[in-house]
Amino acid sequence: MLVRLPDGSERELDDGSSAADLASAIGPRLAKDALIAVVDGEETDLGTKLHEGAEVAIVTPGSDRGLHTLRHSTAHVMAQAVLNLWPGATFAIGPAIENGFYYDFELPGGATFHDDDLATIDAEMRRIIGARQPFVRSELSAESALELMADHPYKQAIIRTVTGADSDAAAGNDLSSEVSGDVISFYRNTDDFVDMCVGPHVPHTGRLGHFALQRVSGAYWRGSEDQPMLQRIYGTAWDSKKALKEHLHRLEEAGKRDHRKLATELDLLSFPTELGGGLAVWHPKGAIVRKLMEDYSRQRHTDGGYEFVYTPHLANGKLFETSGHLDFYAEGMYPPMEMDNGEYYMKPMNCPMHCLIFGTGQRSYRDLPLRLFELGTVYRYERAGTLHGLLRIRGFTQDDSHIYCTNDQLLDEIGGLLHFVLSVLRAFGFDDFTFNLSTRDQSKSVGTAEAWDLATDALAEALRLHGLDYEVREGEAAFYGPKIDIDVRDAIGRTWQLSTIQADFNLPERFDLTYVDSDGERRRPIMLHRALFGSIERFFGLLVEHYAGNFPAWLAPVQVQVLPVADAHRGYAIDIVDRLGSAGFRAELLASSDPLGKRIRNAKMAKIPHVLVVGDDDVAAGTVGDNPRGGEVERGVEFSSFLDRLRAESRVSGE
RNA sequence: GCCCGAAUAGCUCAGUUGGCCAGAGCGCUGCUCUUGUAAAGCAGAUGUCGUGGGUUCGAAUCCCACUUCGGGCUCCA
């Protein structure tokens with residue numbers, strides 16, 4: 001028979017040949033590397049028999065598909081190890097995930113995994129790998145499958161779900177890595193161990209081994225809080241020892257950027273225990289960076305035609321009844337304070353108060369679009385287990401804008417917002433964006449179909465006019481209107497959801513907001529919510545990680561430190577500091593009894609953009625020695641040319 | 001909120017099976033050194049061992065509760 005290879009060539013094989021036979025026919029190296037095959041677009045085991053005219057690709061470890069298979073097969077090995085080590089344990093799902101895999105278990109008697117268990121499991125896995133156990137596929141009817149999995153209730157539940165016997169559970173985890181359709185497939189490694197799985201898998205366990213078990217955690221069955229909590233183990237797996245080591249190294253490097261670690265090292269801010277969970281205090285070094293960010297944001301909003309407002313941190317509960325927050329999000333709000341005229345709450349959002357501002361006095365169509373902006377601090381009662389440094393915090397400041405406009409203005413406003421948001425983000429060194437358009441979920445939303453269509457079309461059209469590709473997320477919109485979410489990619493390739501532009505038909509209705517149109521009719525404005533940084537705190541944390549603490553010159557808490565070589569040069573150094581200060585730069589003297597080398601080291605560890613060393617030569621010639629962050633030392637730089645250099649470097653880029 | 005860990009000096013951490021005044025490095029203070037590009041030398045101070053209970057002749061160490069933090073799950077207007 002004749003099969004076709006990915007490069008378009010064809011190859012003659014004996015009838016009844018398998019994908020493994022094809023790999024052997026192509027070459028011994030490929031035969032050795034082969035993990036699975038892709039036949040007519042479907043991933044399959046190497047043992048699969050080929051047919052005449054099949055399109056066949058052999059998958060090797062280094063590819064994405066190969067790595068995925070290695071990880072998935074490693075998960076099976078871990079399951080076998082755990083079931084061997086904990087008699088009576090049962091297992092649920094064990095998919096490959098980005099960079100690794102996990103498997104969920106339930107241990108007998110409600111036992112839990114402990115960190116120490118990882119080493120034991122690891123050792124057992126290596127024994128299984130050493131045994132070169134084959135992965136043998138078989139297929140059973142649902143009935144036989146249920147019988148085979150008689151001791152494993154979670155596997156049975158999966159079978160019932162995929163065969164439609166239990167439709168209620170269908171909405172839950174993606175079980176596609178386990179089974180599909182009416183025929184249930186299994187992979188058997190030994191007489192004692194068989195796992196239900198669609199596959200494909202590596203030929204035998206000996207192909208695995210470059211893995212590391214990482215952590216234990218709890219995980220709800222089917223991802224739902226009202227289901228039992230299972231015991232999950234995460235691991236990572238690669239195609240070579242080198243790749244594994246590199247991955248672990250990358251994790252370590254990412255750890256060094258951790259904003260919580262850098263915040264301590266650079267004395268930016270802290271989370272004192274006495275303050276309570278999820279609340280931060282900003283130290284002078286962190287506060288100056290924050291102030292620079294906020295000043296920049298304010299300047300851009302001024303230029304962008306926004307009007308600034310301020311609103312209080314507390315409000316009467318009636319306000320949040322009107323806005324609907326108490327109906328929908330009471331659990332996420334701090335509990336009320338009893339006052340003489342009712343219950344007061346910390347505000348979880350600024351929009352109700354901005355609506356009050358719109359609602360005072362009569363608005364004309366001539367007033368629109370009305371763009372209100374506030375750096376508004378809000379408080380949300382995040383559940384204890386969800387707090388995470390600055391990235392998930394209970395008190396934070398939104399750079400919150402609410403724009404009230406007419407239907408006719410909607411497209412222009414959204415277009416303007418997109419341009420504005422991207423321009424500001426570029427100033428902070430982000431230039432890789434992805435866009436998501438979330439659309440209506442019919443089952444839970446307010447407003448007319450007409451209004452939704454109008455707003456959804458306007459959001460999509462604005463993206464198109466800007467030439468921005470986007471993905472549609474069906475049914476992901478908030479109940480009150482569709483939205484665009486903007487994700488950014490940081491310096492080490494991680495993506496963060498950042499800005500959002502949301503249309504809202506709900507609040508103008510609830511607050512009965514109107515404007516008088518040109519024909520004298522009262523009409524309801526559309527409201528756009530726009531968060532750019534989202535939360536100043538979270539954005540700051542993200543920036544710390546993005547820059548790895550090396551704030552660009554315009555944001556650095558201290559831009560220049562001046563180091564006199566000896567006490568004799570102290571006067572000159574102070575003069576340099578003063579001249580820099582007069583020119584609007586943040587400069588400090590670093591004179592102490594420490595030797596120069598030590599002071600340079602301290603300045604470098606503080607990630608100062610420019611370390612200036614001044615000695616006899618400089619005093620005589622009016623120069624400085626510039627030791628720039630990440631660059632080469634340059635002696636004898638004219639002060640004026642250093643100033644030009646610093647000015648150029650301190651300009652905000654990307655506008 | 002749920003599962004697993006952790007909490008010792010300003011920071012990073014050590015502290016063996018419970019046993020005299022609880023340790024190191026960095027930092028800090030003082031003195032000496034007066035320095036040309038990533039750690040000078042000497043001396044000194046610093047702790048209710050997260051908080052509160054309990055077990056014990058004796059607790060940083062064992063047990064319980066709470067607080068806070070870390071990794072996940074869930075949640076995220």
Would you kindly check whether a donor in the side chain of [X] faces an acceptor in the base of [N], or vice versa, at under 3.5 angstrom?
X	N	answer
Arg601(A)	rU37(B)	no
Tyr381(A)	rG1(B)	no
Asp618(A)	rG36(B)	yes

Legend entry - NZ/NE/NH1/NH2 to OD/OE distance under 4.0 Å, Glu253(A) and Lys256(A):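 Salt bridge between Glu253(A) and Lys256(A), a charged N being under 4.0 Å from a carboxylate O: yes.
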
State the pairing partner of [N]; accept Watson-Crick or G-U wobble contacts with both distances under 3.5 Å, and report none otherwise.
N	value
rU17(B)	none
rC28(B)	rG44(B)
rU67(B)	rA7(B)
rU37(B)	none

Sticking with atom [atom1], work out how far [N] lies from [M], rounded to a whole angstrom.
N	M	atom1	value
rA39(B)	rU35(B)	C1'	14 Å
rG5(B)	rG50(B)	C1'	16 Å
rC13(B)	rC21(B)	C1'	22 Å
rU12(B)	rG19(B)	C1'	29 Å

What's the closest nucleotide to the [X] side chain, out of [options]?
X	options	answer
Arg599(A)	rU74(B), rA38(B), rU35(B)	rU35(B)
Ile600(A)	rG36(B), rC2(B), rA38(B)	rA38(B)
Ala566(A)	rU34(B), rA40(B), rC76(B)	rU34(B)
Thr273(A)	rU74(B), rC11(B), rU68(B)	rU68(B)
Arg392(A)	rA77(B), rC75(B), rC11(B)	rC75(B)

Inset, instruction - Return the residues of residues 327-336 of chain A meeting this criterion: a heavy atom under 4.0 Å from some atom of RNA chain B. Order them by number, or give none. - result: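 Listed by number, they are Tyr329(A), Gly332(A).
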
Inset, instruction - Please list residues of residues 629-639 of chain A whose heavy atoms come under 4.0 Å from any atom in RNA chain B, ordered by number; otherwise none. - result: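 Nucleic-acid contacts, sorted: Val633(A), Arg635(A).
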
Inset, instruction - Identify, between Val611(A) and Lys598(A), the residue whose nearest nucleotide on RNA chain B lies closer to the 5' end. - result: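 Upstream on the strand: Lys598(A).
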
Inset, instruction - Identify whether NZ of Lys or CZ of Arg in Arg380(A) sits under 6.0 Å from the centre of the six-membered ring of Tyr334(A) and within 45° of that ring's axis. - result: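 So Arg380(A) doesn't make the cation-pi contact.
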
Heteroatom pairs (N/O) under 3.5 angstrom, protein to nucleotides 5-9 of chain B:
{"unit_1": "rG5(B)", "atom_1": "OP1", "unit_2": "His114(A)", "atom_2": "ND1", "d": "2.2"}

Legend entry - Contacts of Asp490(A) that satisfy side-chain hydrogen bond (donor to acceptor under 3.5 Å, both in side chains) - sequence neighbours left out: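 side-chain hydrogen bond (donor to acceptor under 3.5 Å, both in side chains) check on Asp490(A) returns Arg494(A), Trp496(A).
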
Inset, instruction - Could you pull out all residues at least two apart from His313(A) that satisfy side-chain hydrogen bond (donor to acceptor under 3.5 Å, both in side chains)? - result: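 His313(A): no side-chain hydrogen bond (donor to acceptor under 3.5 Å, both in side chains) contacts found.
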
Quick one: which residue pairs count as a salt bridge (charged side-chain N to carboxylate O under 4.0 Å, His left out) with a foot in [range], not counting sequence neighbours?
range	value
residues 565-574 of chain A	none
residues 105-124 of chain A	Asp122(A)-Arg126(A), Glu124(A)-Arg127(A)
residues 594-603 of chain A	none

Legend entry - Any donor-acceptor N or O pair under 3.5 Å, side chains Asn99(A), Thr236(A):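 Asn99(A) vs Thr236(A): no donor-acceptor pair found between side chains.
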
Inset, instruction - State whether a side-chain donor-acceptor pair under 3.5 Å links His610(A) with Gln559(A). - result: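 His610(A) vs Gln559(A): no donor-acceptor pair found between side chains.
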
Short N/O separations, protein against nucleotides 41-46 of chain B, under 3.5 angstrom:
none

Whether [X] and [Y] hold their rings parallel, tilted or perpendicular, with breakpoints at 30° and 60°:
X	Y	result
Phe479(A)	Tyr329(A)	tilted
Phe639(A)	Phe642(A)	tilted
His259(A)	His388(A)	tilted

Legend entry - Nearest heavy atoms of Met337(A) and Met346(A), plus distance in Å: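 Nearest heavy atoms, Met337(A) then Met346(A): CE-SD, 3.8 Å.
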
Inset, instruction - Search all heavy atoms of Thr439(A) against all heavy atoms of Trp452(A) and return the closest pair with its distance. - result: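 Looks like C-CZ3, 4.3 Å.
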
Under 3.5 Å, which protein N or O atoms sit close to an N or O of nucleotides 69-72 of chain B? Give each pair with its distance.
{"unit_1": "rC69(B)", "atom_1": "OP1", "unit_2": "Gly278(A)", "atom_2": "N", "d": "3.3"}
{"unit_1": "rG70(B)", "atom_1": "OP1", "unit_2": "Arg260(A)", "atom_2": "NH1", "d": "3.0"}
{"unit_1": "rG70(B)", "atom_1": "OP1", "unit_2": "Gly389(A)", "atom_2": "N", "d": "3.4"}
{"unit_1": "rG70(B)", "atom_1": "O3'", "unit_2": "Arg260(A)", "atom_2": "NH1", "d": "3.3"}
{"unit_1": "rG71(B)", "atom_1": "OP1", "unit_2": "Arg260(A)", "atom_2": "NH1", "d": "3.4"}
{"unit_1": "rG71(B)", "atom_1": "OP1", "unit_2": "Arg260(A)", "atom_2": "NH2", "d": "2.9"}
{"unit_1": "rG71(B)", "atom_1": "OP2", "unit_2": "Arg260(A)", "atom_2": "NH1", "d": "3.4"}
{"unit_1": "rG71(B)", "atom_1": "OP2", "unit_2": "His388(A)", "atom_2": "ND1", "d": "3.1"}
{"unit_1": "rG71(B)", "atom_1": "O2'", "unit_2": "Arg215(A)", "atom_2": "NE", "d": "2.8"}
{"unit_1": "rG71(B)", "atom_1": "N2", "unit_2": "Val216(A)", "atom_2": "O", "d": "3.4"}
{"unit_1": "rG72(B)", "atom_1": "O3'", "unit_2": "Tyr234(A)", "atom_2": "OH", "d": "3.1"}
{"unit_1": "rG72(B)", "atom_1": "O2'", "unit_2": "Ser217(A)", "atom_2": "OG", "d": "2.5"}
{"unit_1": "rG72(B)", "atom_1": "O2'", "unit_2": "Tyr234(A)", "atom_2": "OH", "d": "3.4"}
{"unit_1": "rG72(B)", "atom_1": "N2", "unit_2": "Gly218(A)", "atom_2": "O", "d": "3.4"}

Inset, instruction - Answer with base, sugar-phosphate or nothing: what part of the nucleic acid does Asp617(A) contact at a heavy-atom distance below 4.0 Å? - result: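 Asp617(A): base contact, heavy atoms under 4.0 Å.
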
Inset, instruction - Determine the contact category for Gln231(A): base if any of its heavy atoms lies under 4.0 Å from a base atom, sugar-phosphate if only primed atoms, P, OP1 or OP2 are that close, otherwise nothing. - result: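 Sugar-phosphate: the residue Gln231(A), judged by heavy atoms under 4.0 Å, touches backbone atoms but no base.
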
Inset, instruction - Would you please name every residue forming a ring pair (Phe, Tyr, Trp, His ring centres under 6.0 Å) with His569(A), sequence neighbours left out? - result: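 Applying ring pair (Phe, Tyr, Trp, His ring centres under 6.0 Å) to His569(A) gives none.
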
Inset, instruction - Look only at the side chain of Glu537(A) and the backbone of Thr397(A), and say whether a donor-acceptor pair between them is shorter than 3.5 Å. - result: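 At least one qualifying donor-acceptor pair exists.
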
Inset, instruction - Could you pull out all residues at least two apart from Arg260(A) that satisfy salt bridge (charged side-chain N to carboxylate O under 4.0 Å, His left out)? - result: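 Arg260(A) satisfies salt bridge (charged side-chain N to carboxylate O under 4.0 Å, His left out) with Asp258(A) only.
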
Legend entry - Ring centre gap for His402(A) and Phe358(A) strictly below 6.0 Å: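 No, they do not, as the ring centres are separated by 6.0 Å or more.
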
